[in-house]
Every structure is written in structure tokens, then in C-alpha cells.
Amino acid sequence: MKKIAILFICVFMTLTGCSSKPREPELNQSKIINDFIIAFKNHDKEGMDKLRVKEDTMYYIETSSDKEAAIYQTTKARDLTYSTFTSSNTDDHAIISIEIDNYNFGEIVKEIILESTADLVVKMENGESPQQPDLTEQMGIRFKSAKMIKYSPIVVNFIKDNGMWKIDKVENNQDFYDALSGGYFKAIGEFGDPYIPTQEEITNYLEGKEETNPKDDIDIPISNTLKLKEVFIANNYTEYSGNYRVDWTVDKIKYSMLFDIGNQNFVFSNDNGLSLYYFWNYGFWGTETCRYDFNEEAAKEGYSCTDDQIKLLSSAKDAFTSELENLGINETDLVTNE
């Protein structure tokens, strides 16, 4: 009789959906988004995968083949925020409308592509044989100064997967993933065709460049850019779309110095992840988290610098000064009208 009673209880629990092993509590959609974004900001791919349906291709911020660019994206990803607007759901489908504050990586990528394309067009029209510029390097540099913008409205689709709410597959949530990447995915063509400038955009860019750099209103001679090119090339620098870089190796570690004339900055880096830069038009040296003014002997407002960071920046500053002496140019020579 006792065995029958136990059997009856087990059958009853099975029929009523109960079991000795409790089911995981069902997450509502707002909490799923919150937990997913936390996992994304922490680069926790496993945590993300638990909250979305399984599929062959799983997009993640580091799916980018552009390693250096992805580093800055994932670092800055911690700064993104979101808020919920509205939500609605049926038995097996739900949507939530949100807005995301994130960096303008996509806009930067488009600017780089437009500028590089226009530069290629001009060189070809002048009978030159231009080399394909290193866009990855440009992204890595410019992403450091990315600005926060609002992506809105973003509709996130959910479906029931084995009775549990999950974020729907990528093709149904392209805007969501693109906003998480700061517009980067759409710009490089992850969700369709990559951005390609139109002839009108190229023409407007070149005309605008002429208007913002009127030759009669500047004191720097037009030959200054050509002078810099001659100096850098004569000193074994490699040209990348108007920028100049030299590499060398010490104890099997590759070091680089880059003079980015277009963005008016200098970058000292190595392949161990060191990246120090100087914006001579703003007068500060910096890393990803530190911006330091040696004239003021203090960090810029809103930033803090450790003693180790200041020592690194001081070494890079010495290397920059020494290299200018070797090149026979002054810092003011780096300021161009282009």
C-alpha cells in the first residue's frame, strides 16, 4: 500500500507539471535584456548565449577580424547604457522597445572609408598608384576619441524556446546587435552590404575639405604637407593614406611610431598591447584611461593617471622629441592645412 501511495504521488506530480527537480524560474524580458547587456559589457559570451536562442552564427563584439579596433570597442562597451520604453507579448513572441547610449563607432568607420576612398580617387586622378590604406589602424586610433550617441528606438524580439523566453536569433534583432556594437556591424557589412561612399558623398567631402581649409586664410605654406612626406619617406617611414609609421624590434618585441597628420596625433605602440598617444593640437598625452598635460603637470579634467602611466607617457614624450630632432622638424611643422 505504501508503494502504491508513493507511485500515485509521483504520477500526480508528473501530471501536474511538478517534479523533484525544480524548474529554473522564468525570466521576464526586461531582466533578460538587463542580464544580457551586463554579460556583453563583461565580455561574457557564455552568459550571453544562455539568454538567446542557439543558432549557427553567434554575433559578438569580438567577431570583428580587426583586432585592434575590437579591443577599443570591447573596452568602451562597459560604458553603454540602456532604458526600456514599451513591451508587449503573446504566448510565444514578445518585443521590448529600448534605447541604447553607446559610442559612434559606425559613424567613425564610415568617415574613415569616405576619407580613404576620396584620397584614392584624388591620387588616381593625379596619375598615382595608391596603396590600399590600413583601415584597421585608423579605427584603432579614432575609436579612442569616439563620442556617445543614442540609438533609438531599438526593438528587441523574444521567442519561447523550450518554454523559456530567449532573445530571438540575430536576423530578427539586427538593430539590437548593431547598437551594442556602436553601429560597427552595419558599417562593415555584417548585416548586409558594407558602407560604400557614393560619388556625391565623395564630391561633397572633397568640396567641403577645400572650404574648411581655405588657402588664403592660413599661415602655413601649402608645401608643408609635401615637405613632411619627403622627410618621412627619406627616413624610411611607411605611408598609410597620409600617415607615416616606422617599426623596429627590440628583444623580439615589435615597436611602432605613427604620425597621424590628418588627425594631428602621434602614437607610440608595441605588439604587447602598449598604446600611448599625443594630440599635439590639444596638448595632452594619453592612454585609453589617462590624459595628461605635462605643461600643467596634471591629468586632464575627468581623467586620472597613475604614476606608472605618467612614467610611460614621459618615456613616449622623450621618444617623440628625440624623433623630431632626428627628422629635423619642429612640432609646429606637423600642423598642416589638410
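Side-chain contact between Lys50 and Glu46: present, with at least one pair of heavy atoms (C-beta onward) separated by less than 4.5 Å. Side-chain contact between Ile329 and Leu228: present, with at least one pair of heavy atoms (C-beta onward) separated by less than 4.5 Å. Looking only at side-chain heavy atoms (C-beta outward), Asp92 and Ile159 stay at 4.5 Å or farther from each other. Residues Ile32 and Asn28 have side chains not in contact (no heavy-atom distance under 4.5 Å, counting atoms from C-beta outward). Between Ser275 and Val267 there is a side-chain heavy-atom pair separated by less than 4.5 Å. Under the 4.5 Å side-chain criterion, counting only non-hydrogen atoms from C-beta, Trp248 is not in contact with Lys254. Contact of the Glu99 side chain with the Ile154 side chain is not registered, since no non-hydrogen atoms from C-beta on lie closer than 4.5 Å. You'll find the side chain of Phe143 reaches within 4.5 Å of the side chain of Ile108, heavy atoms only.
Between Asp168 and Lys166, no side-chain nitrogen of the basic residue sits less than 4.0 Å from a carboxylate oxygen of the acidic one, so the salt-bridge criterion is not met. We find that Asp161 and Lys54 are not joined by a salt bridge, their nearest charged nitrogen and carboxylate oxygen being 4.0 Å or further apart. Residues Lys311 and Asp307 are not paired through a salt bridge, judged by the lack of any N-O separation under 4.0 Å between the basic side chain and the carboxylate.
Between the side chain of Asn102 and the main chain of Ala179, a donor-acceptor pair closer than 3.5 Å is present. The closest donor-acceptor contact from the side chain of Tyr277 to the backbone of Thr287 lies under 3.5 Å. Listed for the Asp260 side chain is no donor-acceptor partner under 3.5 Å among the backbone atoms of Phe266. Proximity of a side-chain donor or acceptor of Asp119 to a complementary backbone N or O of Glu115 within less than 3.5 Å is not detected. Panel note: side chain Tyr151, backbone Gly182; a donor-acceptor pair is recorded below 3.5 Å. Side-chain N or O atoms of Asn157 include one that pairs as donor or acceptor with a backbone N or O of Asn172 at under 3.5 Å. Counting only distance, with no hydrogens or angles, the side chain of Asp293 and the backbone of Asn295 share a donor-acceptor pair below 3.5 Å. Remark: the backbone N or O of Leu80 is paired with a side-chain donor or acceptor of Lys41 at under 3.5 angstrom.
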Go through Thr81 and Ile100 one step at a time and tell me if the side chain to side chain contact (heavy atoms under 4.5 Å, CB included) criterion holds. CA-CA 6 Å; Thr81 59; Ile100 292 178; over 6 Å; no
Just do the side chain to side chain contact (heavy atoms under 4.5 Å, CB included) check on Lys229 and Ile233 with the steps written out, would you? CA-CA 6 Å; Lys229 179 175 180 176; Ile233 296 301; 4.1 Å; yes
Applying side chain to side chain donor-acceptor pair (under 3.5 Å), run through Ser181 and Glu190 and close with a yes or a no. CA-CA 11 Å; Ser181 75; Glu190 285 283 3; over 6 Å; no
Candidate pair Thr238 and Val246, rule side chain to side chain contact (heavy atoms under 4.5 Å, CB included), full reasoning: CA-CA 6 Å; Thr238 303; Val246 66; over 6 Å; no
Should Tyr82 and Asn34 be marked as a side chain to side chain contact (heavy atoms under 4.5 Å, CB included) after you check the CA-CA gap, both sets of side-chain angles, and the distance that decides it? CA-CA 9 Å; Tyr82 85 100; Asn34 184 69; 3.2 Å; yes
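Within the model, atoms NZ of Lys317 and CD1 of Ile310 stand 13.0 Å from one another, a figure rounded to the nearest 0.5 Å. Rounding to the nearest 0.5 angstrom, the gap separating the OH atom in Tyr292 from the CG atom in Leu312 is 13.5 Å. Rounded to the nearest 0.5 Å, atoms CD (Glu323) and CE (Met257) are 3.5 Å apart. Note: Asn270 CG to Asp247 CG = 11.5 Å, rounded to the nearest 0.5 Å. The CD atom of Gln174 sits 13.5 Å away from atom CZ of Phe176, with the distance rounded to the nearest 0.5 Å. Remark: Gln199 CD to Thr117 OG1 distance equals 10.5 Å, nearest 0.5 Å.
Tyr177 and Phe40 have their aromatic ring centers separated by at least 6.0 angstrom. Taking the six-membered ring where the residue is Trp, the centroids of Phe279 and Phe284 are separated by under 6.0 Å. Between Tyr237 and Tyr244, the ring center distance fails the sub-6.0 Å criterion. Phe268 has its ring centre no less than 6.0 Å from the ring centre of Phe320.
When every heavy atom of Ala146 is checked against every heavy atom of Phe105, the shortest pair comes out as CB-CE2, 4.0 Å. Ser97 and Pro153 get closest at one heavy-atom pair: OG-CB, 3.7 Å. Listed here is the closest heavy atom pair of Ile98 and Val156: CD1-CG2, 3.9 Å. Contact between Pro197 and Ile202 at its shortest, heavy atoms only, is CB-CG1, 4.0 Å. Contact detail for Cys305 and Arg291: the closest heavy-atom pair is SG-N, 3.6 Å. For Ala299 against Ser304, the heavy-atom pair with the smallest separation is CB-CA, 4.2 Å.
Transitive grouping of hydrophobic side chains (ILVMFWY, heavy atoms separated by less than 4.5 Å) brings Met48 and Phe191 into a common cluster. Each of Leu180 and Ile95 belongs to its own hydrophobic cluster when Ile, Leu, Val, Met, Phe, Trp and Tyr are linked at side-chain heavy-atom distances under 4.5 angstrom. Ile149 and Val109 fall within a single hydrophobic cluster, where Ile, Leu, Val, Met, Phe, Trp and Tyr side chains are chained together by heavy-atom contacts under 4.5 Å. Residue Leu206 is grouped with residue Ile113 when hydrophobic side chains (ILVMFWY) are merged at heavy-atom distances under 4.5 angstrom, including chains of intermediate members. If you chain together hydrophobic residues whose side chains sit under 4.5 Å apart, Ile112 and Ile196 never meet in one group.
With a 6.0 Å radius and a threshold of 12 heavy atoms from other residues, nucleotides or ligands, Lys110 has its NZ atom at or below the threshold. The environment of CG in Asp193 is sparse: at most 12 heavy-atom neighbours from other residues, nucleotides or ligands sit within 6.0 Å.
The hydrophobic cluster around Ile38 extends to none of the other residues, as no ILVMFWY side-chain heavy atom falls under 4.5 Å of it.
When each of Ile167, Val170, Asn173 is checked for a side-chain contact (heavy atoms from CB on, under 4.5 Å) with Arg52, only Ile167 meets the rule.
If you check the side chains of Tyr195 and Glu201, you find a donor sitting under 3.5 Å from an acceptor. Counted by atom type alone, Thr321 and Glu331 present zero donor-acceptor pairs between their side chains at under 3.5 Å.
The aromatic rings of Phe294 and Trp285 stand perpendicular to each other, their planes meeting at an angle above 60°, with 30° marking the opposite boundary.
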